[in-house]
Structures are given as C-alpha cells and as structure tokens.
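Following: one structure in structure tokens, then a few remarks.
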Amino acid sequence: MFVAIIASFHVIASHLTVGAAWFNFYVERRAVREQRPELYEYLRKSALGLLVFSYVWGAMTGVGIWQSTTAGNPRGISTLIHNFVLFWGSEWYMFLIDVVGIIVYYYTLGKVDPKTHLRLALILALGGTGTLSLIVGILGFKLSPGDWLHNGEILSGFYNPTFWPQYLMRFLLMQTITGAWGVLMASRLPRDFPERQKVIRWAGTIGLVGMAGALLVGRYWYWANVPARSKALLSTNAFPAVTVDLLIGGGILTAAFLLLASWKPQLQSKLGAMALFIVMFSTVFGAERTREILRKPDVVNGYMSSNQLTFTGLPARGIESEEAKLNRDGVLGSLPFLPAADDIDSGPSPEYTDHRVAVGRQIAIFECSGCHSVSDQTVIHLGDNQLALRQQSALLRKISANDEVSIRAILDNLGAYPFMHAFVGTDEEKDALAAYLAATVEEQQGPPRRCRRPR
Amino acid sequence: MEVEDALRMMRDPLGAPFYPRVFQVLLLLTWVVHIYFVTVAVGSSVTTIYGFRRGDERWLRLARSCARLTPSGVGLGIVTGIAPLLFVQVIYDPIWYASNALTGFWSVIFIIVVASGYTCAYVFYLKGSADGRLLWSSVLGLALLVLAGWIMHVLASVSIRPEHWREWYAPNGVADTRGIEFHSFNVARVAFLLPLQAAIGTAVTGLIYTWYRLKRDDADREYLTWVAGLSRRLGIIASVLYGGVGIAWAVTEGADYDLTAPMAIALGGVGLAMAAFFAAHRDPVGIGRRALGAWFASLAVVAVIREVIRATALSRFNYDVGSYPYRVDWGSVAMFTVTTIVGVSIITYMVMVLFQSGIGAGERIPRSIDRLGRVSTAMLGAWFAFFLLVGVYAVVAL
C-alpha cells in the first residue's frame, strides 16, 4: 500500500516531466516561429512549477519506491538491479539531463537567445523521453519477463512482450497528465491575458487525444500481451471492486474535464484543475494497484514469488529452484535470518510461551508478510482504530477458519488459490504455522461468534 | 547459520552484469559527487539561517543566495545519489538489504523526511527569502535534512556489522520486524561526514561563487571579496576540526577493524592539507576552481577510506567484491557506454549555456558552444535510433 501511494505520486510527477517538456517545446516553437513573446509568460510559470514539483518530486519519489521496496522485498528489487543495473545507470544519465536541464531551462529564460533556449526545450523533451524508454523495460519485465525465463538474456528481459505497447501507452498517457498541467498553469494567468484561452484549448485537446490513444493501445495491444494467468486474476476477489470504480470513474471525470477545457476554455479555473489532479492521483493509484495485482503471487512473474523465493529456477543462468530444496529440508535454519526451530525462543511475551506458536510466528513473517499483516507489529494504530492490510487473522475469521485443524486444511490447499503459492517447508513447519495462525485468530479477532438458535 | 554462509547465500544468484571491480570504482566516483551536493545543501541551509539572524546587509545578501542554493543542492544531491545507490546494491547487496530491513521503519520514511526538508527549503526560498519571514521553515528543513543524513549513516553503520544482525533482528529470540531502532552509529564518523564536510563544502562553493560572479561586468567587487574572505576563514577553521574529528573517527570505528593508524594518517592529513590550502591563499578571490579541485580530491580520499572500512569489515567473513560472481552482458554495456557519451556531452553543453547566461553573455553564446549544442542534441536524437535498434535485435535475434 505504501509503495503504491509513493508510486502514484511518482507516476504523476515523472509522466508530467516528459509530457510537459514536449508541450513546452511545442509552445516555445510557436513563440519563436510566430514571434509571440507573450507565450513565454506561460513557459515561465510552467517551468517553475515543473522545477519545484515535478522533477525533484519525481526523483525523490523514485528513490522512495526504491527504499520502501528495498525494506519490504529486497530480493525482488535485487533481481531487477542485477539484471538491469546498466540500463538503470543509463536512465540516470537521462535523469541528470532532465534535472540539470530544467534548472538551466528555467534560469536562462529570457537570458539566452531564443534559438538556444528552444534547443534546451528540445533537449528536455528528448531527455525525458529517454528516461521513459529506459524504465519501461524494467517495469514490464516484472509482469512479463518473456523469453528471459528461458534464455536468461538481459536484453530479452528488457525488451519483453509488454515493453513496446507499454512504451507507447505511457507516452500517450503522459499527454493526458500534461493536458491537465497545461490547464492548471494557464489558468494561473490573468483572465484577460491574450494567450490564456488558446493555451488551455491546446492543453485540453492534447490531453484528450493522448487519453483516447492510450485507451486504444492499452485495450488492443498491451492487454493482448499480458500473460493469461494475470488476466484471470482480475476476476478473483484479489481485485477489489473499488479499484474498478477508481479506474472508470477517474477516467470519465478526466475526459470530461479535458473536453470542457478544449470546448469552453474561458470557464477553466485553477481550483478545477487542481481538483482534476486529485482525481488523476486516485486513478493512477487504482492503476498501480491493478499492476501489482496482475503479478500476484509473484514479484517477477514466473520466477520469484512474493515471499522472495525463486520457485522455477533459471537453468540458462545456472539458478536452481529454491522451493524443492526447502520443501525437503525445511525453511528454518536453511535461510539467512531464519533460525533453526531449536534456536527460536518463545520469548518473554505471554502470547508466544508455546514454542510451536513462536516457531509458527517466524514462519508467518517469512512466508506471509509479503502480502499480509501477520502480527501486531505490522498493524498501524491510529488512536482506537487500527490499519492492518489483508490481516491474516481477519481473513481466516471471515471463512470461519478458527482452529488449527481448519487452518491446516487451508494451508494444504494454498496453491489452489490463483493468487497464492503453495506453502513452502516441511509438514512440521506447516503445523507450527497453523498453530500460530489459530492463536492470532483468537487473540486478534476474539472468540468466534455462534449463531443463535431459532426459537 | 554462520555469518559467512549467510553473506554468501544472500548474494543475488544472477551475479553482476560486468566486472564487479568496475562497479566498485563507479560507486566511489559517484559518491564523491553525491556527497558534495548533499553537504552543500546542509551548509547553505545553515548559512541562510545564520545570515538572516545576523541581519546586516551583506549577510542578508549572502543568506538570500544560499536560500536559493539549498533546494537546488537537495535536488542535485538526490539525483546524484541514485548512482551510488545503484552500484552499492550490485556488489554489496547482502549488507545493504540487511541493514535496510533491520532499519526498515527509517528506511521507508527516509524519502518522506527528505521530501519534507526539500519542501521547507523551497517554501522559504519562494516565500520568505526576500524579507526573512518563515525562517522557521528553513530551520525545520535543515533539521529534516540532518535527520535524513543520520538515517543514511545508521544504514551504513549497520551494514558493516553483520556479526550483530541476528541479535538486532531477534532480541530475546523473538523477531522484531518494526525496524525502528538505530542499532549502530558512530558520532565521530557522522560529525566528520555531515557538518564538517558541509562547512568545507560551503566554503569551497563560496569561493566558486566569487570567482564566477566576478566575471560579470556589473560585479560588486567589495561584496564578493568579503564572501571570499569569509569562505577562506570558514575553510581554515572547519578543515582543522575536520582533521581532528577524522582522527577521532579513526580511534573509535577504525579501532574495530585495526585501521586506526592508516585512517588517522589519511583523514588527519586531508584536514591538514585543506587547512593549508585555504591558509596559503591570502587573496582567495580567484581560487574557486583550484579549491573545488582540492576538495574533490579530498572527498575521493574519504570515499576510499569508507570503502576500505567496508571491505575490511566484510573480509572477516571472507566477503570480497573481487570474487563477486559476474557474467558480462554486452548489450547492457553497450547501452550504458553510448548513453554515457551522449549524457556527458549534453550536460556539458547545458552547464556551459548556464555559465554564459550567468556572466551576462547569454545573447552571444560562443560558436564553439553552439556547435557542441548542435552535435550533442543530434547525438541525443540518434540515441533513440540506437535504443530501438537494440530492441529489434533482442526481439529478432535472441
């Protein structure tokens, strides 16, 4: 959830840098060719906004995604780094061009000749598109590693099946975010400013065209390349209905706003454009959640599961499946940070006095915490309220799995759920996990309610 | 499980895509650039607050310039920090990931701290730097930046002590997944790397500023001479302290790894050398570029010392970067090399344009710079053709 929130900020900020750079290049080119210096007033406002908000916040939230995924799922991010470090390093150069570029662009407005400044605008647009080009391959790899799963070649993983459609789709989607940005920046100009309505109309039109194009590419090219197993997940209860509402509602509102901007530019206000950004944030949040769900239960589809184990191996790179060995030898004592069962203390806390429960807690932290809140330590307390994401005890209570026997039966069949992998480890470890989960159901959810007998 | 086995198992099975020593060198080089901008952000922030508190005209003028510099320093510090963050994960993945997990809470909120610090600094620059209102925003921004530096210090410190990870992860045998404790730190090290480097970095930047502004026809020579003198005095005092605290770092953390003597000589020497440099230039007005060169050389020494500490700490468990598994991937190497050439050309061009604009020559950019602009922009355009061609090769031939 935390990653998705940061990622939504990042998507808005980073997509904006690319789209807005092209839009600014377009506006500046008209300003130079048609000798309309008044357009520079728009460019000044837009560049300052981009400098303060978009570029630096884009960079910070990018690092934020890194930090939070590093803490939450280090082996997942490690797989990406060890495949694509030099692509990421290349993106870093493009990013430097972006950040140094916007600083130079803003601070030289009106201080260098128009031709040189127009070239800076073009460099910014190209640099931004370069960052997009280089990150899309890494993003797409997680969902559709394609031939990499067979040949282990980094280039195959980068230019994966969803790379090309996603590249085009995101580029078009950027124009939508840019349209909203253009309206916001132009609506900050005085109402009687000569070019205000014209810029709003351009921005609205470009945003609409981008949105229509992104929808078409997404539906007919991107979706066709999404793995079938991932598509099937959207019809399970792993995909909450509220996400659909966010996507459809946000899309309709955005389209309506942009249509109004290009049709009646004089009606646009700063407040309306800011409200649209909130709507777009919610929509992007829904899209990011969908992207996460599509990969379930894996971090890298078909290679590494969300508990950070490689379940298929990669023979082309000499990597064996970890699951087979762990099913034989057990997870405890076989992996770093997972002590052997004999080394686990039941500790001073009264709820873990039973050694088996203490062992089960350790297994739950390892196997389940990638997706579920497994103990009170991962619950956020806000006064009397608590926020626990996909809390195991609550989910078990929901399906009336209140005791060890029923929970053990569920663990035996975990792999039958399309969004879960089978339990990894020995039967004794599975028993211990069932004991811990039964203890947490009782502790966190209270005694099970019984149905009243009809009179 | 023994620490040595754990470290070996935690290495990514994919290995590095190029010779690991190259990543080690890139890690050091990019850290130098990163730490320069980070410490300038902190130092300029302190100067802003001090200048507005002093209140006389020259200090106010300097404080306003520094208020403008702080957010740019933070922005560039973040962007240049991405590269060392990348390279450390390639060759030191076990220790970096372990320290992030053990300090999970702080690792996750790190970026919120930095972003809030940046926002505070920008709010002050945009809304308060004209008349000194909202100075609290600058103070809060500084506090948050220092906290961010502290978090990074703790992450580094935890990472080189794998022998303690187990007890930190599961005190009393019960796993603690919150990651809220600052498990390890060294006050001398953090004082050396943050406030003292910030002071010297700010002094050097003051000298660069003086050198640069004097190129303008309308330069205020008297004010700039004052800034240069102030930077020199700050440089001398901070460098002496830098050497002293460096020795304290050697005596404390260095002693843990039998590195006291080499660290004391190197760090004390760097402090003395920088102090001597500042002291030797009694007329500091034109020494900006030399000062920057000397400072980068000193930071390079510090980068090597940090690396020696890390390598020595891990060698106790037979972990060595040189033996990190790798498999050269020429596609990645080609992409990185081509992008490096294009990126360096474009950035050089843009910095030159900014330079010309700043000295009032923006309307008549020299032809050589214009030519560089034409060529590098064309190279950037051609990069896309290269990128797409590599993609076609990957799809068709692999």
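Within every chain, numbering begins at 1; the chains are lettered A, B, ... in the order of the sequence lines, protein sequences first and strands thereafter.
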Counting only non-hydrogen atoms closer than 4.5 Å, does [X] touch chain B with its backbone (N, CA, C, O), its side chain (CB onward), both, or neither?
{"X": "A:L314", "value": "side chain"}
{"X": "A:T129", "value": "both"}
{"X": "A:I319", "value": "side chain"}
{"X": "A:W92", "value": "side chain"}
{"X": "A:V85", "value": "both"}
{"X": "A:Y55", "value": "neither"}
{"X": "A:L120", "value": "side chain"}
{"X": "A:L338", "value": "neither"}

Taking the ring of B:F387 and the ring of A:F87, is the distance between their centroids below 6.0 Å?
no

Only pairs of heavy atoms separated by less than 4.5 Å count here; which of [options] has the most with chain A?
{"options": "B:S332, B:A394, B:S376", "result": "B:S332"}
{"options": "B:V333, B:V351, B:I111", "result": "B:I111"}
{"options": "B:G331, B:G75, B:P13", "result": "B:P13"}
{"options": "B:G343, B:G104, B:A83", "result": "B:A83"}
{"options": "B:G179, B:G81, B:G15", "result": "B:G15"}
{"options": "B:Y393, B:W383, B:F87, B:F110", "result": "B:W383"}

Which atom of [X] lies closest to which atom of [Y], heavy atoms considered:
{"X": "B:Y169", "Y": "A:F337", "result": "CE2-O, 3.4 Å"}
{"X": "B:M10", "Y": "A:P336", "result": "CG-CG, 3.5 Å"}
{"X": "A:S90", "Y": "B:F336", "result": "OG-CA, 3.3 Å"}

If you measure from CD1 on B:I82 to CE on A:M60, what distance do you get to the nearest 0.5 Å?
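Spacing of CD1 (B:I82) from CE (A:M60) equals 11.0 Å.
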
Select one option (side chain, backbone, both, neither) describing which atoms of [X] are under 4.5 Å from chain A's heavy atoms.
{"X": "B:L26", "answer": "neither"}
{"X": "B:Y324", "answer": "side chain"}
{"X": "B:T30", "answer": "side chain"}

